[in-house]
Amino acid sequence: MAEELASKQKAISIGEFFERNRQILGFDNPSRALLTTVKECVDNSADACEEAGILPDLLVEITKVSEERLKVVVEDNGPGIVRRQLPNVFGRLLYGSRFHSNRQARGQQGIGVSAAVLYAGLTTATPVHIVSKVEEDPAANVVDLFLDTQKNQARLVKEDVLAWDRPHGTRVELTLKARYQRGRQSPYDYLKGTAIVNPHARIVLVEPDGTRTTWERASPDLPPLAKEIPPHPHGLELGELDSMLRRSSSKTLLQFLTADLSGISRRGIQDVLQKGGFTGRERPDGFAGERVEQLLAALKDTPMATPSAECLSPIGPMLIKRGLKNVLGTLRPEFYSPPVSRPPKVHAGCPFVVEVGLVYGGDLPSDQSIQLLRFANRVPLLFQQGACAITQTVAEMDWHRYGLEQKSGAVPVGPVILLVHVASTKVPFTSEAKEAVAQTEDITREIELAVQAAARNMKLHLSRRTRRDQAMEKFTIIQKILPKMAEKASGIVDKPVPDLTRVITRIMDVVAVEARGSGEDPTKPSEKTLLTLTNYTSRNRPIELFLEVPLEAVKEGFSADPKPETLSTELGRVTFPLQRLSPNAKVTYTLTWPKPEKLEPDDVDVFVAGVDEAHLLGADPLPGDWDVRLPAALVEAAEDAQIAAARPAATAEGDEEVDYDAAEKKESFVDEE
Amino acid sequence: MPPKRKSPSSTKSRPEKLPDTDKRVLQPTLDLAQQIYTQLDKGDIPRMKLPLRTKQNIAFSPRDGVWRLGNQCGVRSARKLDGALMLLRTFWLVDFIEEMARDNKHSTLRELYYISEQWEEAKFHSENESNLLVEDLEVMCERMREDFRLRPEENGASVIGDLTITEINRKGQKKKINCRDDVGDGGYQLPANVEKEKISFVSHGAKFVLAIECGGMVDRLAENGFDEDQNALLVHLKGQPARSTRRFLKRLNEELKLPVVVFTDGDPWSFRIFASVAYGAIKTAHISHYLATPGAEFLGVTASDIENYQLPSDKLSDRDIQALKAELSDPRFNTEMWKSEIELMLQNGKKAEQQSLAKYGLNYVTEKYLPEKLTEMGVL
């Protein structure tokens, strides 16, 4: 009987394995197969460039061969692949340099470019064509190969050398059964997302119809290369520890604990030895079975320093903003929220970082769900949006409080693009398809905090905008409509036009702060900014102006007139002496910038003390955390308020009355004629 | 202090040349100017009070039997952009009316909208705004828009049946017309002005008036000879009826003592058509006593008809449901009959068109549905 069974027990071939797992591997339909192929090639290229310290310059060209066949060309300026490694990289499944490494890399995300080679071979019987040149060689190596599904190794069909007009790089050509489409989950979307989170890369896409799209490099700096660090004990699994022990070059357990793992202090090592009942002199390669389990239990039971985040390569707030601007600039968003980069945290012994960017308004549709751009280790996630912890966390937040509409439990609606990037040495995915981040408490919490911070900024922007709109409305009334109305009414009653100052202060009833550049072109930063404070209220106002300006500006010689009282080079905070403004009076501050071209319009925060929020336009009241001396204006304003309170209240206007025009507008949808 | 400067239109000389009637009509606007001048001079924000034309501010007038404007007022204030613009526009509008009075011209509401292109920042953003302002002026001056030399864009609807009228035509001649024998298939078309000085009733052979929402149904009844067979006067409402249509129905009802029966689609919007015919529309509540026919009755299509006659129906849309719910808080629909109809429609979630009666053939409506319903109502 056993013999009979044994005759049926045989290794399944790679080809069979591939067929049965097409979905997991990302080749389950022709359009997804195309995307996976592009993705594997591009991820490899970008990783290779960064490891070699080269700014990536990538070309993706897709052409139609026949009705069902497309040719995909991916070319990079990376370091190239040496001749002897070519068959391994392209002709063997599950062969890779990054699979075991303990640092953030794109390549962990997929099955590898060899799967695309296999797919191409299976569907079109065409070999992959590779041209690769390393700098040391005078010529490029050219190889055509298939992946042999029986042996899981390369079958070379052609080999050549070629004089290539570039110092180094790799070009891969694959012909496969595939379908090209634009829109969601397309190579276009994938590369666009890649361009956003990799602003140091230049990416060119040529589509089958000849459309050429170039995402230019937006940053000249390579991201700092993630360092490889030994695994952290809290993230270890039994099998992993077992093989580490076997392969270790350490002579003793003590040495192993010190050199092959990270995060254990000397004290911790003593703890582990004691808990596991070890001496520390045991040979690592002598561990087996129960003893490995004992060691793992002792390791997990011992408190340790959190793993170092040096193995991560977050994008960083500045580059997130730059990436978003570079790619989304044509949508003319009205607001880029300051990106959020959370401090590194640990999940299951692996450090991770969550980063969030948010863009609001412009040409983005306001009646559709927000666009959620998900990324893991700088790779766009295009599938399984609903299953992803990022989507779920965003959907579970209450967005009404941030000013967006939302059906309960759904992604909110509004003109927003939200970017969420999870970077880790081991991003937990829901499945082997690696398209959705798994729901784990640590990561979900970090995503929530980061998205909340970005959403708060958006809310702040929205309330500022509302107030600015209201201010604009009031300015229109007093500058354009009221004078005309006075003229007309006076004309009819045949009397001279009355002085409107008092009416104007009553309508405005605010202290307005208006900022204006000195230059001709209002869209360009200019050398000077003129801040005008006008007291459009009917009271005398003690007013103090406070600014928060970019640190660089303070260091490089920012100045103001009237002269600031204090100027902090640590915090970029500028204070000015008290001013007293009578009704309708104004004061202008001239700010001079050393390097205006570096200035962003939202870089300067303007605060005013002495005026409450309701009576302040174009600035915010001084926040409590400034921790400056008590502004004199606040004291005076409080005294004034006391005096005012003692007086009988002035005729309250417009508070309890029905606004005729608002009521009419509200009603108009129901009626008639 | 800027030197006094007259606005461009006021340089053409003012009240002296204005005809007396127009002067009287516009007197309240001069009072408004005086009021606003005084407010500005005192340093107050310009404002005026106006009765609200909302469903919360209509009240049933037992004397007229219709819903008229209540006592609640809203404030139009220059504190808000909309209010400031409307105040300024009021003056521009008065200027324009005076100009027309001097030149003996009239304009349509739509022309007024385009005229406002000359009003700088005060120009209207939509025709809705200009129509609303004209209604405000009607309320303010207690006049009708015709008194301001403004006429509606569209004429009234058409009439088919045995009614003989005389109309003073463009040439000032009296023209005698029988609305069945002297007209084509389209019937007799009501002019914008349907007052006695324009149209007088001579004779008729009708027993009742059937006011119908859709043109297709009017044609069906005419083709089937319903007007002659049942002595009915068919009046096409063309959706929400124009003022002249409503005024004409009221005159038929009051002067010729003809019962008025309203036949519409079975949906929330048609209920409102009936309400504006019988009870008075909210937007024109200030002239309900002049436009609404208190005795008018609703024939259908009712929510119960949809069930009883098994009519082909559509699902209520979200907007429909919203409209029905709004009607439940509309005082005009606060009767047992309407409450149960509206609630039944909400409950069934269905609406149906008049013409869905064709399910049973082209003659069904004239041979079965209308006779049944009219008998039930005691009209036949």
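Throughout, a chain's letter reflects where its sequence line sits, starting with A, and its residues are numbered from 1.
- No side-chain donor from either of B/Asp82 and A/Tyr660 sits under 3.5 Å from a side-chain acceptor of the other.
- Of all the heavy atoms in A/Pro496 and B/Tyr37, the pair that sits closest is O-OH, 2.8 Å.
- For A/Tyr402, the ring pair (Phe, Tyr, Trp, His ring centres under 6.0 Å) partners two or more places apart in sequence, or in a different chain, are A/Trp399.
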Quiz prompt | side-chain contact (heavy atoms from CB on, under 4.5 Å) between B/Leu87 and A/Ile481, worked out | solution = CA-CA 9 Å; B/Leu87 285 171; A/Ile481 299 171; over 6 Å; no
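- What you find for A/Ile477 and B/Arg79 is that their closest heavy atoms are CD1-O, 3.5 Å.
- Annotation for B/Asp318: atom CG does not count as buried by contact number, only 12 or fewer foreign heavy atoms lying within 6.0 Å.
- Residue A/Glu405 places its CD atom among 12 or fewer non-hydrogen atoms of other residues, nucleotides or ligands, all under 6.0 Å distant.
- For the residue pair B/Ala78 and A/Ile507, the shortest heavy atom distance occurs at O-CD1, 3.8 Å.
- The contact between A/Leu482 and chain B is made entirely by side chain atoms (from C-beta outward), counting heavy-atom distances below 4.5 Å.
- Between chain A and the residues B/Ala33, B/Gly43, B/Gly74, B/Pro46, the most heavy-atom pairs under 4.5 angstrom are made by B/Gly43.
- Between A/Met485 atom CE and B/Leu85 atom CG the span is 8.0 Å, to the nearest 0.5 Å.
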Exercise. Quick one: do A/Val658 and B/Val75 satisfy side-chain contact (heavy atoms from CB on, under 4.5 Å)? Show the steps, please.
Key: CA-CA 6 Å; A/Val658 179; B/Val75 170; over 6 Å; no
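- The two residues A/Ala489 and B/Ile36 make their nearest non-hydrogen contact at CB-CG2, 4.2 Å.
- More than 12 non-hydrogen atoms from other residues, nucleotides or ligands lie less than 6.0 angstrom from CG of A/Asp367.
- Looking at B/Pro51, only its backbone comes within 4.5 Å of chain A, counting heavy atoms on both sides.
- Here the closest non-hydrogen pair linking B/Asp44 and A/Val503 is O-CG2, 3.6 Å.
- Side-chain atoms of B/Asp41 and A/Asp499, non-hydrogen and from C-beta on, never get closer than 4.5 Å to each other.
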Exercise. Check step by step if side-chain contact (heavy atoms from CB on, under 4.5 Å) holds for B/Trp92 and A/Lys484.
Key: CA-CA 10 Å; B/Trp92 277 109; A/Lys484 195 82 198 166; 3.7 Å; yes
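- In this structure, NZ in A/Lys495 is found 6.0 Å from OG1 in B/Thr38, a value given to the nearest 0.5 Å.
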Quiz item: Should A/Ile492 and B/Gln34 be marked as a side-chain contact (heavy atoms from CB on, under 4.5 Å) after you check the CA-CA gap, both sets of side-chain angles, and the distance that decides it?
Solution: CA-CA 8 Å; A/Ile492 293 171; B/Gln34 180 59 57; over 6 Å; no
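- With a 4.5 angstrom heavy-atom cutoff, B/Ala122 does not touch chain A via any of its atoms.
- Looking at B/Lys80, B/Arg76, B/Arg47, B/Arg53 one by one, the single match for salt bridge (charged side-chain N to carboxylate O under 4.0 Å, His left out) with A/Asp661 turns out to be B/Arg76.
- When heavy atoms are compared at a cutoff of 4.5 Å, B/Glu121 approaches chain A solely by way of its side chain, counted from C-beta outward.
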